[in-house]
> 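Structure below; questions to follow.
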There are 2 protein chains.
Amino acid sequence: MSNKNIGIKDVAVAAGVSVTTVSHVLNDVSYARISPETRDKVRAISEQLGYGPNRLAQALRTQRTGMLGLVSEEIATTPHAGRIILGADEAARARGYNLMIINTSGSASPESRQADVETLLERRVDGILYATMYHRNVELPANLGSVPSVLVDSVATGGNITAVIPDEEGGARAAVGALLEAGHTRVGFINNTDDVPATRQRLQAFRATLTEAGLDGDAAPVESEISEVQGGYEAARRILAGEDPPTGLFCYNDRMAMGAYRAAAELGLSIPADLSIVGFDDQELIAANLYPGLTTVALPHYEMGAWATEHLIDAVEGKTDLALMALHPTILSCPLVRRDSVAAPRQ
Amino acid sequence: MSNKNIGIKDVAVAAGVSVTTVSHVLNDVSYARISPETRDKVRAISEQLGYGPNRLAQALRTQRTGMLGLVSEEIATTPHAGRIILGADEAARARGYNLMIINTSGSASPESRQADVETLLERRVDGILYATMYHRNVELPANLGSVPSVLVDSVATGGNITAVIPDEEGGARAAVGALLEAGHTRVGFINNTDDVPATRQRLQAFRATLTEAGLDGDAAPVESEISEVQGGYEAARRILAGEDPPTGLFCYNDRMAMGAYRAAAELGLSIPADLSIVGFDDQELIAANLYPGLTTVALPHYEMGAWATEHLIDAVEGKTDLALMALHPTILSCPLVRRDSVAAPRQ
DNA sequence: GTTCTTGTTGCTCATCTGTCTCCCACGTCC
DNA sequence: GGACGTGGGAGACAGATGAGCAACAAGAAC
């Protein structure tokens with residue numbers, strides 16, 4: 001246990017050497033020529049005294065804090081933030097960095113966002129991770145550019161900052177593919193009404209995948225609603241009310257899928273025997289707990305957090321040029337998570 | 001937007017005064033005697049240059065970082081962590097502090113926990129918040145004591161550190177009370193099997209509340225299972241299979257309540273007409289999204305995070321003596337959140 | 001009316017925080 | 001008199017802090 005009051009000076013005195021020597025030994029300075037005996041003694045005494053460097057003083061001198069700022073939207077309300085934080089924390093720690101976290105809101109004003117970044121800057125973080133809660137376009141605080149920064153789950157409207165985003169299209173293709181693979185030929189899509197990239201890309205991928213499989217993608221039924229349970233319920237009721245209703249349903253997210261489950265139950269449709277459903281998000285609390293378990297597409301929040309951190313640190317350490325990566329956002333795949341809500345359609 | 005390269009020295013030169021004077025003005029040093037004109041000029045120039053103090057240098061000199069360490073279990077998997085973080089972040093920011101977050105696991109080794117605290121200590125945080133994911137007893141890393149610390153959602157086995165915990169008993173009483181108030185006389189409890197304070201206290205409160213209402217608390221049906229959806233389902237099937245089954249069910253948590261919903265559906269019991277259910281936790285994703293919405297008891301995670309932070313800062317600033325508060329944990333109430341799963345029993 | 005004392009105002013100097021890093025010093029052996 | 005082996009000194013990082021120093025004014029002593 002390190003005693004906070006012990007400094008390099010105390011170690012130096014106890015070991016009978018200079019502060020310089022202790023610093024040289026403990027930092028393994030390449031050009032320092034110090035005898036093995038002295039080295040051993042310094043290390044032993046340092047250990048014995050429970051010495052730990054004062055990272056503040058270190059940072060002040062070296063101009064490196066080893067701290068990364070993470071400004072994240074809606075930490076409390078979505079589990080997604082937690083996964084990004086976890087991915088970032090683990091990646092950071094593996095390389096000796098720590099995270100300073102600041103919560104913000106999706107609806108925060110530009111001034112407030114700027115103040116958040118400012119706080120991080122005053123603390124001299126080495127880099128900043130800017131995470132939004134769902135994939136969308138954002139305009140960034142102007143001061144973000146003053147240290148290396150990476151966007152997580154969004155791209156900048158100006159578009160010249162490195163970003164990681166999920167492969168919406170690939171995920172949607174996987175979801176529809178699972179339905180197709182099970183033998184479904186009448187597949188519907190319950191979509192979101194928000195104008196975000198996911199809405200458009202998933203819809204487009206939905207139609208394309210059907211068309212490529214020889215079905216009429218353009219004619220496939222699509223119903224849009226607010227992306228919550230209630231919206232999913234309403235959209236499902238509508239889509240299942242048509243004649244010749246779909247036997248497979250791709251839902252914009254797990255919450256809407258949950259609504260679709262209820263609609264199915266009310267209509268006496270059993271899942272997956274009468275109706276197969278695939279969701280999106282893999283919100284454990286929902287997807288794993290519905291009955292039957294929901295087959296869904298996972299968003300790579302952990303991976304995006306880790307990827308962003310990894311590359312941010314590379315940039316901080318001069319191993320990478322973020323400007324080059326900023327040309328196109330990096331796209332991480334959204335794997336299908338198979339549970340029990342998909343089966344072959346009834347004959 | 002503060003230019004990171006501007007220091008107090010630049011402001012001093014631009015204003016034609018000494019560094020000391022700038023420092024005195026900007027920090028409103030009480031004993032400094034500086035003319036109003038000079039003050040105004042310094043402030044104006046500082047603003048104009050976009051000067052912001054380097055918090056590292058400040059911290060080095062003042063021995064105050066204005067940073068609080070938060071080690072939290074399972075950031076990614078439970079939304080509870082998010083609410084604690086949010087409460088802590090908002091309370092901290094309101095007082096000019098920031099949070100350094102470290103994730104740990106509920107099953108982390110003592111060494112790893114100690115290393116986490118050590119990391120925080122090396123960075124010279126002013127205080128530490130130690131948050132667990134559910135109310136339980138923990139043994140703490142030995143080095144936690146070296147700075148002011150507060151436990152969130154748990155009490156130390158040694159028991160001499162300030163802690164905030166939820167009012168399990170009050171919450172359970174409120175839950176059972178809601179059922180009683182609606183007119184139920186046959187009330188059952190679906191409990192957890194883990195040996196944690198919540199399990200015992202909720203059970204005890206369940207029986208006591210019934211007894212105090214003139215019912216036979218000791219005879220009331222209780223079934224225990226793993227505290228997940230499946231466990232809730234199984235326990236509910238058992239409890240509802242008896243003769244004269246309960247018309248009101250208090251569930252250990254929302255996940256178990258979700259299982260009870262399914263059991264009820266399978267038995268043809270409509271909620272709340274045939275069966276009233278109350279949960280615990282208020283996990284939005286579940287409680288608000290079940291149909292009908294689940295009446296449940298909210299755990300004060302946000303409040304605990306805020307309370308802990310508030311008092312930790314008081315201690316850091318010498319306004320409070322944590323040792324005094326350590327005698328007994330502070331208990332925060334668990335309010336009932338009414339939705340639509342409780343109604344009067346059928347005659 | 002001059003000089004001395006005492007006080008006040010306005011600001012600066014020197015030093016400190018803990019660590020790193022460039023450059024130099026000392027002794028010894030060829 | 002270099003080369004080598006060992007190690008130390010003195011800033012510098014950016015700001016905080018308390019003692020101290022001019023400059024000037026008012027009051028007191030003569």
> Counting any heavy atom closer than 4.0 Å, what does B:Val17 reach on the DNA or RNA strands: base, sugar-phosphate only, or nothing?
sugar-phosphate
> Is it true that B:Glu73 and B:Arg136 make a salt bridge, defined as a side-chain N closer than 4.0 Å to a carboxylate O?
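A salt bridge links B:Glu73 with B:Arg136.
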> Select from A:Gln58 and B:Glu37 the residue whose nearest nucleotide in DNA chain C is closer to the 5' end of that strand.
B:Glu37
> I want to check one thing: is the phosphate of D:dG15, taken as OP1 and OP2, less than 4.0 Å away from some side-chain N or O of B:Tyr51?
yes
> Under a 4.0 Å threshold between the charged nitrogen and the carboxylate oxygen, would A:Arg95 count as salt-bridged to A:Asp314?
yes
> Between B:Thr62 and D:dG15, is there a side-chain N or O to OP1/OP2 distance below 4.0 Å?
no
> Looking at A:Ser35, does any N or O in its side chain come under 4.0 Å of the phosphate oxygens OP1/OP2 on D:dG7?
yes
> Closest approach to the side chain of B:Thr38, judged atom by atom: which nucleotide of C:dT19, C:dC11, C:dT12 is it?
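From the listed options, C:dC11 comes nearest.
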> Classify the ring geometry of A:His301 against A:His80: parallel below 30°, tilted from 30° to 60°, perpendicular beyond 60°.
parallel
> Would you mind reading off the distance between B:Asp28 atom CG and D:dT17 atom C1', rounded to a whole angstrom?
15 Å
> In whole Å, I'd like the distance from the NE2 atom of B:His24 to the P atom of C:dG10.
14 Å
> Whether B:Asn27 contacts D:dA16 is assessed here as follows: a side-chain N or O lying under 4.0 Å from the phosphate OP1 or OP2. Is that the case?
yes
> Side chain of B:Arg33 only, heavy atoms from C-beta on: which candidate in D:dC21, D:dG18, C:dC22 is closest?
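Nearest nucleotide to the side chain: D:dC21.
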> With a 4.0 Å limit, can you tell me whether B:Ser23 has a side-chain N or O closer than that to the phosphate oxygens OP1/OP2 of D:dA16?
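Yes, within the criterion.
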> Would you mind classifying the nucleic acid contact of B:Thr21 as base, sugar-phosphate or nothing, using non-hydrogen atoms under 4.0 angstrom?
base
> Taking OP1 and OP2 of C:dC22, is either one under 4.0 Å from a side-chain nitrogen or oxygen of A:Tyr31?
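Yes, because at least one side-chain N or O of A:Tyr31 sits under 4.0 Å from OP1 or OP2 of C:dC22.
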> Should A:Gln63 be listed as having a side-chain N or O under 4.0 Å from OP1 or OP2 of D:dA12?
no
> Within a strict 4.5 Å, meaning less than it, do heavy atoms of the A:Asp153 and A:Pro166 side chains meet?
yes
> Without decimals, in angstroms, what is the distance between A:Leu56 CG and D:dA14 C1'?
12 Å
> Give a yes or no answer on whether the side chain of B:Asn27 reaches the backbone of B:Ser23 with a donor-acceptor pair at less than 3.5 Å.
yes
> From CZ of A:Arg64 over to P of C:dG18, roughly how many Å is that when rounded to an integer?
24 Å
> When all nucleic acid strands are considered with a 4.0 Å heavy-atom cut-off, which category describes A:Leu60: base, sugar-phosphate, or nothing?
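Base: the residue A:Leu60, judged by heavy atoms under 4.0 Å, touches a nucleobase.
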> With DNA chain C as reference, determine whether B:Arg39 or B:Ala57 sits nearer its 5' end, using the nearest nucleotide of each.
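That would be B:Arg39.
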> Could you check how far CZ of B:Arg61 sits from C1' of C:dT15, rounded to whole Å?
8 Å
> Heavy atoms only, 4.0 Å cut-off, all strands: where does B:Thr20 land among base, sugar-phosphate and nothing?
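Base contact - B:Thr20 has a heavy atom under 4.0 Å of at least one base atom.
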